[in-house]
Number of protein chains: 2
Amino acid sequence: MNTETSISTEEAILMAARKVFELKGFDGARMQEISDRARINRALLHYYFRTKEKMFERIFDEALERFMPLLSTWDQDLEECWEWKLKRFIITFITFLKTNSMLFLLREIIRKPELLVSKTEKHRKKLNKFVLYFDRLKQERLIRSDVDSRYIYVIIHSLCSFPLMNGIVFSYSLRISPKEYDELMTGYPEIISDLLIQLLKYQKN
Amino acid sequence: MNTETSISTEEAILMAARKVFELKGFDGARMQEISDRARINRALLHYYFRTKEKMFERIFDEALERFMPLLSTWDQDLEECWEWKLKRFIITFITFLKTNSMLFLLREIIRKPELLVSKTEKHRKKLNKFVLYFDRLKQERLIRSDVDSRYIYVIIHSLCSFPLMNGIVFSYSLRISPKEYDELMTGYPEIISDLLIQLLKYQKN
DNA sequence: TTACTTTTTAACAGAATTGTTAAAATACTA
DNA sequence: TAGTATTTTAACAATTCTGTTAAAAAGTAA
């Protein structure tokens, strides 16, 4: 087997598959559409990935493996102040989400909840780092202590994730083009970083 | 035709269809599963709704028709202070979203973007009420003027919508059961109302 | 050129799904 | 009870999609 051509073909297939699965979901995706996008034929598709199921699993796993590490950064660079940490997280996360569809993951998890449990067991332990970190910030009186850290978690993630996955709807609701919406959103990470910092900062009185 | 039994059967079908479409999406939904849920047989399903397509259209339209009115409440009760207005919106919206899947709409719109345009034309005009209202609040120096009203729109909607549609993932990430997450979320509308009010309130200095 | 690998072509089997139909069974109403 | 409307049963046609196969074609490297 010539590894080089195989890999580029395999990569073409994976890129195409990812795109189609993200757009249409597992049930709506068609092997034909994937092979069209990869500019190969359907026989070759099955030659590289035996079944649609296996191909999906690969795409889904890779998506999760890209995603999970982002969630366990809260115990790194502990000397960094929380404002910077937060800001950096938000910018990194939003940048990441521009090329990684959260909706894809969510849709498939809702279709088949086992996907979440089976594929993330090894990351499970790391998931409480956020809450630990923010509870600590409260103890140290660096941030306000009257908001449950789990709410803070939900708030930050909602503010990062939803504007991107709901882009079509938001741009329609705001009566601007998707392009204009994208442009509007370039300033968004800065804005919410600053707002969240204002909001969370410990209030002296 | 005996209208009463028909309506109850039709309603059973619609309820079942809605549930299945919300869970599986159009492509993943099976007529068999819908008729099972409605406790009737597949022949009767087609007797009431000729095709899957037509049934879906009905479900989707109804979902949009429930949804859209919520977005055009910003020019009602103008004597009410903006804090109350905001709080009322948030509570109403979140309550609504508990029984109306935003993910369903989003998934189908992404699958087939025409759905959004074709089905909401008549509501399109009303969609700028939010921005108009908040721009006015800024003029009157009731809220801070350094945040684009469109960002405020995105922020409020993200904070309302995402925690519910991402419930499975959040409860997993926070390592609590879905039930515990629901309980946690009962306090959520109050919290974000208050936080948003703090954040938006006009700052004297 | 030769040997080998990759890719295409074209055909097909099998399964799942949608939608239809006719006749029988059941439920309802006058 | 008789007549009407609703629902079930069971079978079927048509289509779409997945996955397989064998042989041919094209590409690559020695």
Side-chain angles (χ1 to χ4, degrees), chain A residues 1-62 104 107-108 110-112 114-115, chain B residues 1-62 104 107-108 110-112 114-115:
Chain A
M1 185 190 329
N2 180 329
T3 311
E4 225 176 285
T5 54
S6 285
I7 284 185
S8 74
T9 304
E10 187 176 323
E11 270 173 2
I13 293 175
L14 285 173
M15 277 177 57
R18 183 179 164 190
K19 192 75 195 171
V20 175
F21 281 133
E22 283 179 0
L23 235 47
K24 308 288 180 70
F26 178 80
D27 293 312
R30 293 290 167 259
M31 295 301 263
Q32 186 62 59
E33 191 177 347
I34 293 172
S35 53
D36 286 351
R37 254 185 201 268
R39 298 169 162 278
I40 55 160
N41 54 71
R42 226 155 49 73
L44 195 59
L45 204 64
H46 286 289
Y47 172 76
Y48 276 90
F49 298 88
R50 196 178 310 264
T51 66
K52 183 181 179 186
E53 199 74 54
K54 286 199 194 308
M55 211 163 71
F56 171 78
E57 203 166 315
R58 171 77 172 271
I59 299 292
F60 187 86
D61 284 1
E62 287 184 4
F104 165 63
R107 177 177 35 197
E108 303 306 334
I110 283 180
R111 174 179 68 91
K112 202 176 168 191
E114 311 88 87
L115 284 173
Chain B
M1 184 191 335
N2 179 331
T3 310
E4 226 177 284
T5 55
S6 287
I7 283 184
S8 73
T9 304
E10 186 175 323
E11 272 175 359
I13 294 175
L14 286 173
M15 278 177 57
R18 183 178 163 190
K19 192 77 195 168
V20 174
F21 282 133
E22 283 179 359
L23 236 47
K24 308 287 181 73
F26 177 79
D27 293 312
R30 293 292 166 257
M31 297 300 264
Q32 186 61 59
E33 191 177 347
I34 294 171
S35 53
D36 286 351
R37 254 185 201 269
R39 298 171 162 279
I40 55 160
N41 54 72
R42 228 155 47 74
L44 195 59
L45 204 63
H46 283 101
Y47 172 76
Y48 276 90
F49 298 89
R50 196 178 311 262
T51 67
K52 183 181 178 186
E53 200 74 54
K54 285 199 192 309
M55 212 163 71
F56 171 78
E57 203 166 315
R58 171 76 173 270
I59 299 293
F60 187 86
D61 285 0
E62 286 184 5
F104 165 64
R107 177 175 38 197
E108 304 305 334
I110 283 180
R111 176 178 67 88
K112 202 176 169 190
E114 311 89 87
L115 283 173

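Order of the sequence lines fixes the chain letters, A, B, ..., with proteins taken first and strands second; residue numbering starts at 1 for each chain. As the structure is a computational prediction, the values presented were derived from the model and not from experiment.
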**Message:** Once rounded to the nearest 0.5 Å, what's the spacing between atom CE of A/Met55 and atom CD1 of A/Ile34?
**Reply:** 3.5 Å

**Request:** Round to a whole Å and report the spacing from CE of A/Met55 to C1' of D/dC17.
**Result:** 13 Å

**Message:** Measuring only between side-chain heavy atoms, which start at C-beta, is B/Ile40 closer than 4.5 Å to B/Ser35?
**Reply:** yes

**Asked** Applying the salt bridge (charged side-chain N to carboxylate O under 4.0 Å, His left out) test to B/Glu33, which of B/Lys24, B/Lys19, B/Arg42 qualifies?
**Response** B/Lys24

Enumerate the protein-to-nucleotides 20-27 of chain C contacts in which both atoms are nitrogen or oxygen and the separation is below 3.5 Å.
none

**Fill in**
The correct set of residues in residues 22-41 of chain A placing a heavy atom under 4.0 Å from DNA chain C is A/Arg39, A/Ile40, A/Asn41

**Asked** Can you tell me how far C1' of D/dG19 sits from CG of A/Leu44, to the nearest Å?
**Response** 14 Å

**Prompt:** For B/Leu45 and C/dT18, what is the distance between atoms CG and P respectively, to the nearest whole Å?
**Reply:** 10 Å

**Message:** With a 3.5 Å distance limit and no angle check, can you tell me whether B/Arg30 reaches the backbone of B/Val20 through a side-chain donor-acceptor pair?
**Reply:** no

**Request:** May I ask you to decide if the ring planes of A/Phe21 and A/Phe26 are parallel, tilted or perpendicular, using 30° and 60° as cut-offs?
**Result:** parallel

**Prompt:** Is B/Arg18 paired with B/Glu62 through a side-chain N to carboxylate O contact shorter than 4.0 Å?
**Reply:** no

**Asked** Under 3.5 Å, is there a donor-acceptor pair between the side chain of B/Arg37 and the main chain of B/Met15?
**Response** no

**Item:** A/Tyr47 side chain near C/dT6 phosphate (N/O to OP1/OP2, under 4.0 Å)
**Value:** yes

**Request:** Look at the side-chain N and O atoms of A/Tyr48 and state whether any lies under 4.0 Å from the OP1 or OP2 oxygen of C/dT7.
**Result:** yes

**Asked** Cation over ring, B/Arg111 on B/Phe56, under 6.0 Å and within 45°?
**Response** yes

